[in-house]
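Notes follow once the structure below has been shown.
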Amino acid sequence: MSLKIYNTLSRSKEEFEPIEADKVRFYVCGPTVYAEAHLGHAMSALVFDIVRRYLMYSGYDVNFVMNFTDVDDKIIAKANEIGADPYELAEHYINEYKRNLAELNILPATKNPRATEDMPQIISMIEALIEKGHAYEAHGDVYYRVESKDDYGKLSGRKLASMNAGARIEVDERKEHPMDFALWKAAKPGEPAWDSPWGQGRPGWHIECSAMNMTHLGEQIDIHGGGNDLIFPHHENEIAQTEAVTGKEFARVWMHNGMMSLKSEKMSKSLGNMITVDEFLADYPADVMRLWVLGGSYRGPLVYSEEVIEQTEQAYKRLLSAKKSALPGAVGLQADALATLQNEAEKAKADFKESMDDDFNTAGALANLFELVKVINLARADGATDVQLAQAQGVFMELAGVLGLTLEEKKAQSASDADAFIDLLVALRRDLRAEKNWALSDKVRDSLKELGVILEDSKDGTSWSWE
RNA sequence: GGCGACGUGGCCAAGUGGUAAGGCAGGAGUCUGCAAAACUCUCAUCAUGGGUUCGAUUCCCAUCGUCGCCUCCA
């Protein structure tokens, strides 16, 4: 079995073959940092984290670069609005973003380049484009000439002619063609600006990604990812610029995640219908967010609703059940039953890989994981000992880890302090139960539940856990 | 208007030319003082209408519906 990935460029699944064997050059478009990260950002980041983890699991050495757009109209506008320095504003949100990623158990990028830190490369790339006739200067601005290459539009499947017809944007007269886009914008008074051959100014949005790609990964990369809202114009323009400069194919595979929506409307900063990552994580473990994303197809939309999140939370609890220890009085499995358990675990692993190899079919992989949960729980119910469960549970945790699930149950702040008292209550309750004082023993159980401690009785004793 | 995606049980969601994974919820059991957990059993004919085929949910066409992009956006 080999990995197949859906390539937006060809609109089909293709066998994945990196440029250099065993190495993957992976670039993902990060956010423009002027506001808190919302669940849509989290979805995208999780999708590519899962892709990256699976590539690593498959033996690839992954060089994962995600940029931050830290100079842009929105950042400047927001900074002016609140009277802050644009650079510091960006700095603030970059740190917040990184904190959110860490909380979501997303592996840190190999590199997080920022537009403002690669200015010389951006400028020299624009110079190269002008030199080759793909760009032109006009009053301190520099525009990319979309008609200079005849494959413009190949990613998004658009033809210049048809776009022209529907253009409702006011056409800037300095442009040769309405679709020409800015590589460099002349500075207006008070805006952050850098020196350039065309005067003071700042880079356009698309060129920074091209320049950062080239600087940090090289002229050609294996995978370029981002939200599907970036296909046009952002990624289309990135391809145009980069290929115009290098004359080589830019990215082998273009991956795009679907959008998150809230009540049938795309969640976005500009629409204001967003739930921030912090808001979500205040109520649910990071694993629930990840599990929710894993439950669907990364290319499709994800619709937020309380009901779905609660369902996901229940599913999460079921996943957790596989980790539990053997029952107190476990007598051990017969040899054939143990063999079945281990075979099933290996089968789950093989099925899991097969699912993931098919364009990261996480919903299928998750189903394979749940099948393993069932097998483990069944073995435990049949009396398997901890030692006998270990192999299957090891496979289970390995696969969960590939998906980035930690399955760590959250502990109360002062867990270590409380433990002794809870143990004491459980011991007292055992005596109450021995005396068949059900009223009091139930009261202890109910009261502890209100404090977030779950008691579970079995004929061999009582176990407890934090909710 | 142009380009694209999608429409599977109450909810979420895989998948296949030969009658449909998994999760949540529901129903019935086992276990238990009770509860919880776990386990067992149970719950769909795949938007609609045509067509191709021995046979389609899966291929083609049309219709309806939902969503995304075409402007900043993960």
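Computed from a prediction, not measured in an experiment: that's the story for all the values here. By convention in this document, chain letters (A, B, ...) are assigned in the order of the sequence lines, proteins followed by strands, and residues within each chain are numbered from 1.
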Distances under 3.5 Å between nitrogen or oxygen atoms of protein and nucleotides 58-60 of chain B:
none

Taking only nitrogen or oxygen atoms into account, show me every contact under 3.5 Å that the protein makes with nucleotides 21-26 of chain B, one pair per line with its distance.
residue	atom	partner	partner atom	Å
A21(B)	O2'	Glu371(A)	OE2	3.1
G23(B)	N2	Gln311(A)	OE1	2.9
A25(B)	OP1	Gln314(A)	NE2	3.4

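The aromatic rings of Trp254(A) and Phe250(A) sit perpendicular, their planes meeting at an angle over 60°, well past the 30° parallel limit. Note on ring orientation: taking the six-membered ring where Trp is involved, the planes of His235(A) and His224(A) are perpendicular (angle over 60°, cut-offs 30° and 60°). Below 30°, between 30° and 60°, or above 60°: for His206(A) and Phe181(A) the angle between ring planes is above 60°, a perpendicular geometry.
Among the heavy atoms of the strands, none lies under 4.0 Å from Ser355(A). Nucleic acid contact class of Ser463(A) (heavy atoms, under 4.0 Å, all strands): none. Nucleic acid contact for Gly300(A): none, since no nucleic acid atom lies under 4.0 Å from a heavy atom of the residue. No contact: Lys436(A) has no heavy atom under 4.0 Å from any strand. The residue Arg445(A) sits close to a base: some heavy atom pair falls under 4.0 Å. Counting non-hydrogen atoms under 4.0 angstrom, Gly40(A) reaches a base of the nucleic acid. Contact annotation for His38(A): base contact, defined as any heavy-atom pair under 4.0 Å involving a base atom. Within the 4.0 angstrom heavy-atom criterion, no nucleotide atom of any strand lies near Ile231(A). Among the heavy atoms of the strands, none lies under 4.0 Å from Lys317(A).
Proximity of Asn228(A) to the phosphate of G68(B): no side-chain N or O atom is located under 4.0 Å from OP1 or OP2.
Here the closest heavy-atom approach between residue Phe64(A) and residue Phe48(A) is recorded as CE1-O, 3.9 Å. Taking every heavy atom of both residues into account, Leu333(A) and Asp382(A) meet most closely at CD1-O, 3.6 Å.
Look at Lys449(A) and Asp442(A) and you find no salt bridge, because none of the NZ, NE, NH1 or NH2 atoms lies under 4.0 Å from a carboxylate O. The residues Lys185(A) and Glu191(A) are annotated as not salt-bridged, no charged nitrogen and carboxylate oxygen being separated by less than 4.0 angstrom.
Per the geometry, CD1 belonging to Ile106(A) stands 11 Å off C1' belonging to A74(B), to the nearest Å. The distance from atom CG of Leu440(A) to atom P of G33(B) is 18 Å, rounded to the nearest whole Å. Between the CD1 atom of Ile76(A) and the P atom of C72(B) there is a distance of 15 Å, rounded to whole Å. If you measure from atom NZ of Lys154(A) to atom P of G4(B), you get 18 Å, rounded to the nearest angstrom. Remark: P of U16(B) and NZ of Lys13(A) are 7 Å apart, rounded to the nearest angstrom. Atom pair Asp382(A):CG and U30(B):P shows a separation of 18 Å (rounding to whole Å applied). Atom CG in Asn237(A) sits about 11 Å away from atom P in U71(B), given to the nearest Å. In this entry the distance linking CG of Asp359(A) with C1' of A14(B) reads 13 Å, nearest Å.
C41(B) and G27(B) make up a base pair, with Watson-Crick or G-U wobble contacts both under 3.5 Å.
Comparing Leu455(A) and Asn257(A) against RNA chain B, the residue whose closest nucleotide sits nearer the 5' end is Leu455(A). Between Met267(A) and Ser305(A), the residue whose closest nucleotide on RNA chain B is further toward the 5' end is Ser305(A).
Across the C1' atoms, U45(B) and U57(B) are found 8 Å apart, a figure rounded to whole Å. For C46(B) and A13(B), the C1' atoms lie 13 Å apart once the distance is rounded to whole Å. Going from the C1' atom of G65(B) to that of U48(B) covers 10 Å, rounded to whole Å. U42(B) and U58(B) have their C1' atoms separated by 27 Å, with the value rounded to a whole Å. Atom P of G49(B) sits at a distance of 14 Å from the matching atom of A56(B), rounded to the whole Å. Rounded to the nearest Å, the gap between the P atom of G26(B) and that of C11(B) is 15 Å. Comparing U32(B) with U19(B), their P atoms sit 42 Å apart, to the nearest whole Å. Nucleotides A20(B) and C43(B), compared at atom P, are 11 Å apart to the nearest Å.
Asn67(A) and His216(A) share no side-chain donor-acceptor pair at under 3.5 Å. Side-chain contact of Asp357(A) with Tyr54(A): a donor-acceptor pair under 3.5 Å is present, judged by distance alone. Side-chain contact annotation: Asn343(A) with Glu346(A), donor-acceptor N/O pair under 3.5 Å absent.
For G33(B), the base has a donor-acceptor partner in the side chain of Asp442(A) [N/O atoms by modelled type, under 3.5 angstrom]. On a pure distance criterion of 3.5 Å, a polar donor-acceptor pair joins the side chain of Asp457(A) and the base of C34(B). Donor-acceptor pairing under 3.5 Å, judged by distance alone, is present between the side chain of Arg433(A) and the base of G33(B).
Cation-pi geometry between Arg52(A) and Phe26(A) is not met: the NZ or CZ atom fails to fall both under 6.0 Å from the ring centre and inside 45° of the normal.
Side-chain atoms of Lys266(A) lie closest to A74(B) of the nucleotides A14(B), A38(B), A74(B).
Under the salt bridge (charged side-chain N to carboxylate O under 4.0 Å, His left out) criterion, Lys188(A) pairs with no residue, sequence neighbours left out.
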